Amino acid sequence: MLVGSPEQVIDKFGRYQEAFGHELSGVSLEVAGLPEDENRESVETFVTEVLPVLRSSYPSRVWA
């Protein structure tokens, strides 16, 4: 589970990538029971702060 600040999520993803060498991770961005506005904020944070770092730090054929 990738829970935490953008920096913590990036770090966890990096450790998973290093351990398993995967190129693609399935990420569920909606949390059951979380209000819609909080879900939206979480998705926006992931897309704007986490995803760009993952794409540049962990190149993948999947991103292409």
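Atoms considered below: every heavy atom in the structure, side chains included; atoms not considered: hydrogens, waters and symmetry mates. What you see is a predicted model, and the numbers here were worked out from it, not measured in a lab.
Linking ILVMFWY side-chain heavy atoms closer than 4.5 Å, directly or via other members, places Phe13 and Phe20 in a single hydrophobic cluster.
Closest approach of Asn39 to Val31, counting heavy atoms only: OD1-N, 2.9 Å.
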List the atom pairs, donor and acceptor, that lie under 3.5 Å between side-chain atoms in residues 42-53 and the rest of the protein, sequence neighbours left out.
residue: Thr45; atom: OG1; partner: Glu41; partner atom: O; Å: 2.9
residue: Thr48; atom: OG1; partner: Glu44; partner atom: O; Å: 2.8

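Separation of atoms CD (Glu30) and CD (Glu38) is listed at 13.0 Å; rounding is to 0.5 Å.
Residues in residues 11-21 take part in these salt bridge (Lys or Arg N to Asp or Glu O under 4.0 Å) pairs, two or more places apart or across chains: Asp11-Arg15.
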